[in-house]
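Some notes on the structure that comes next.
All values below were derived from every heavy atom in this structure, side-chain atoms included, with hydrogens, water molecules and symmetry-related copies excluded. Residue numbers start at 1 and run along the sequence shown.
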Amino acid sequence: MVGNDRPRGEATIGRRRWTMTVGDGRGRRSTVRDRYRAVIGIVWQAVTGIVWQAATNDGRRLRTADERGWSAVDEGGGATMMGVKQAIKKLDAFPRAEDHLLQKTQSGALVSIMGLLIMATLFLHELRYYLSTYTVHQMSVDLKRGETLPIHINMTFPSLPCDVLSVDAIDMSGKHEVDLDTNIWKLRLDRYGHIIGTEYLSDLVEKEHSHNHGHDKDHRDDSDHKIHLKGFDLETEKMVKKVKEAMTNGEGCRVYGVLDVQRVAGNFHISVHGLNIFVAQLIFEGNTHVNVSHMIHDLSFGPKYPGIHNPLDGTVRILHQASGIFKYYIKIVPTEYRYISKEVLPTNQFSVTEYFSPMHEFHRAQPAVYFLYDLSPITVTIKEERRSFLHFITRLCAVLGGTFALTGMLDCWMYRLLEAVMKPKTRTVL
């Protein structure tokens with residue numbers, strides 16, 4: 001030690017050097033308290049230095065760990081997305097092959113063309129089926145009251161002249177209408193069915209019925225007896241002569257038009273009832289010679305709707321050397337037809353049963369064609385509806401998918417068959 005230099009104690013901790021003075025240059029000694037303070041200061045500085053260095057190193061390590069953690073997270077997310085994409089690719093039911101791995105053949109082209117033609121045909125069929133309508137039937141109680149019933153008739157009597165035919169209508173209440181408010185026409189026909197004349201039947205029914213049906217039965221018998229005693233007038237004689245001439249020439253008659261009757265059960269009939277009984281005897285010489293052969297071209301009880309079937313249309317009943325009474329028992333069913341456009345068409349459909357009673361010489365009844373009808377208390381509603389678009393798509397996928405699968409199988413079989421047939425030839429050439 002030189003001069004006033006004091007003895008010092010030195011200690012090195014970490015990168016720092018810590019120094020403590022233990023004496024002075026004058027030979028005076030430090031007290032014990034000073035020494036303790038010096039030692040405690042050195043220790044404190046050493047401890048704080050160690051703690052600071054440790055904290056600094058931990059911060060560096062934490063930053064590095066965080067950076068590595070985020071990098072690991074990023075790498076893990078990318079790997080997860082790649083895994084999801086790979087899993088989705090495994091669900092692909094339509095894997096694609098590279099172009100150089102595909103082989104096109106003539107047999108495959110032929111099967112493809114056939115498949116396309118079949119698909120086009122089925123598509124057009126399904127489209128037409130979708131655009132068409134279908135009907136739904138519903139039943140309910142008939143609530144109609146006070147309406148008239150239209151009867152459309154179109155019949156041909158090939159063996160009876162128009163002058164002797166008449167139309168009667170009787171309903172359930174007992175009303176006997178001989179003066180019908182109808183539009184009825186009759187056409188004179190030759191033996192070949194060609195029209196030779198026309199007559200409007202505005203008074204067809206009552207022209208001869210006024211003497212027979214205008215009074216009760218007793219009065220009618222008295223009137224007929226008087227006519228028989230006094231003889232026939234000139235008009236009647238002309239009519240008898242005309243009818244006999246027409247029958248000799250083979251004339252027939254076609255009756256058509258519309259009858260409007262009350263909407264209750266009843267009947268209408270076409271016969272020779274319009275003739276006086278003695279006039280009829282003079283013309284036909286007995287009821288067995290009244291030939292009521294007939295053809296029903298059309299018989300309906302209202303306008304026609306799509307799909308209606310009238311069971312009596314086209315009915316032909318021809319008698320040869322015989323006569324009798326035809327009875328058609330008709331059950332009328334009130335019907336409403338609702339179009340797809342919401343238009344409503346009220347009409348009627350019916351069912352029928354038939355009965356024929358042959359005529360004998362001593363029968364008092366006259367040959368005729370009867371139509372006895374009754375109305376059903378149930379009305380039928382027919383509604384047009386269209387198929388849904390989803391139904392069309394379902395059927396279209398079914399037929400097109402089935403055709404595609406079938407053509408694929410056919411192409412595979414044809415390819416294997418041709419390959420099996422061509423292999424022996426290739427070996428022979430080699």
* Asked: Does the pair Leu165 and Arg254 meet the rule for a side-chain contact (heavy atoms from CB on, under 4.5 Å), with working shown?
  -> CA-CA 10 Å; Leu165 286 176; Arg254 184 170 183 175; over 6 Å; no
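- Note that the CD atom of Glu354 and the OH atom of Tyr329 stand 11.0 Å from one another [nearest 0.5 Å].
- Applying the ring pair (Phe, Tyr, Trp, His ring centres under 6.0 Å) criterion to Tyr129, with sequence neighbours excluded, gives no partner residue.
- Side chains of Ile113 and Leu117 form a contact here, defined as non-hydrogen atoms less than 4.5 Å apart.
- Within 6.0 Å of CZ on Phe389 lie no more than 12 heavy atoms contributed by other residues, nucleotides or ligands.
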* To do: Output, in order, the C-alpha distance, side-chain angles, deciding distance and verdict of side-chain contact (heavy atoms from CB on, under 4.5 Å) for Val261 and Phe268.
  => CA-CA 9 Å; Val261 298; Phe268 68 95; over 6 Å; no
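- The 12-atom threshold is not exceeded at NZ of Lys241, counting heavy atoms of other residues, nucleotides or ligands nearer than 6.0 Å.
- Nearest heavy-atom pair, Glu384 versus Ile340, reported as atom, atom and distance to 0.1 Å: OE1-N, 3.0 Å.
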* To do: List the steps, then state whether side-chain contact (heavy atoms from CB on, under 4.5 Å) holds for Met359 with Leu319.
  => CA-CA 11 Å; Met359 183 68 62; Leu319 299 176; over 6 Å; no
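- The two residues Ile270 and Met155 come nearest to each other via the heavy atoms CD1-SD, 3.8 Å.
- Lys144 is listed as a side-chain neighbour of Glu336, based on a closest heavy-atom distance under 4.5 Å.
- The structure places OH of Tyr339 at 15.5 Å from NZ of Lys383, a figure rounded to the nearest 0.5 Å.
- Residues Ile330 and Phe301 have side chains in contact (heavy-atom distance under 4.5 Å, counting atoms from C-beta outward).
- Of the options Thr315, Asn154, Asp313, Thr156, a side-chain hydrogen bond (donor to acceptor under 3.5 Å, both in side chains) to His297 is made by Thr156 and by none of the others.
- Proximity of Tyr130 to Leu396: side-chain heavy atoms (C-beta onward) are nowhere separated by under 4.5 Å.
- With hydrogens and angles disregarded, no donor-acceptor distance shorter than 3.5 Å links the side chain of Thr148 to the backbone of Asp260.
- One finds the OG1 atom of Thr407 at 11.5 Å from the CG atom of Leu110 (value rounded to the nearest 0.5 Å).
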* To do: Tell me, with the steps shown, if Phe350 and Leu312 meet side-chain contact (heavy atoms from CB on, under 4.5 Å).
  => CA-CA 10 Å; Phe350 66 93; Leu312 286 179; 4.2 Å; yes
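- For His125, there are no side chain to side chain donor-acceptor pair (under 3.5 Å) partners at least two apart in sequence or on another chain.
- Atom CG of Leu160 is separated from atom NE2 of His294 by 11.5 Å, given to the nearest 0.5 angstrom.
- Nearest heavy atom pair, residue Lys304 against residue Leu345, reads O-CD2, 3.7 Å.
- Counting heavy atoms of neighbouring residues, nucleotides and ligands inside a 6.0 Å radius, atom CD of Gln321 does not exceed 12 of them.
- Of all the heavy atoms in Gly324 and Val292, the pair that sits closest is O-CG2, 3.4 Å.
- Residues Ile118 and Leu406 have side chains not in contact (no heavy-atom distance under 4.5 Å, counting atoms from C-beta outward).
- Ile318 CD1 to Asn291 CG: the interatomic distance, rounded to the nearest 0.5 Å, is 7.5 Å.
- Listed here is the closest heavy atom pair of Tyr134 and Arg386: CE2-C, 3.9 Å.
- Under the 4.5 Å side-chain criterion, counting only non-hydrogen atoms from C-beta, Val164 is not in contact with Met247.
- Put simply, the side chain of Thr335 gets close to the backbone of Val333: a donor and an acceptor are under 3.5 Å apart.
- A donor-acceptor pair shorter than 3.5 Å can be found between the side chains of Asn267 and His269.
- Scanning both residues, Pro158 and Ser293, for their nearest heavy atoms gives CD-O, 3.2 Å.
- Considering only heavy atoms from C-beta on, Phe392 comes within 4.5 Å of Leu127 through its side chain.
- The side-chain heavy atoms of Leu299 and Asn310, taken from C-beta on, include no pair separated by under 4.5 Å.
- We find the CD-NE2 distance between Glu126 and His391 to be 8.5 Å, quoted to the nearest 0.5 Å.
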Please tabulate, for side-chain N and O atoms in residues 367-381, each donor-acceptor pair with protein atoms closer than 3.5 Å (sequence neighbours left out).
from, atom 1, to, atom 2, distance (Å)
Asp374, OD2, Lys331, NZ, 3.3
Ser376, OG, Ile378, N, 3.2
Thr379, OG1, Pro334, O, 3.1

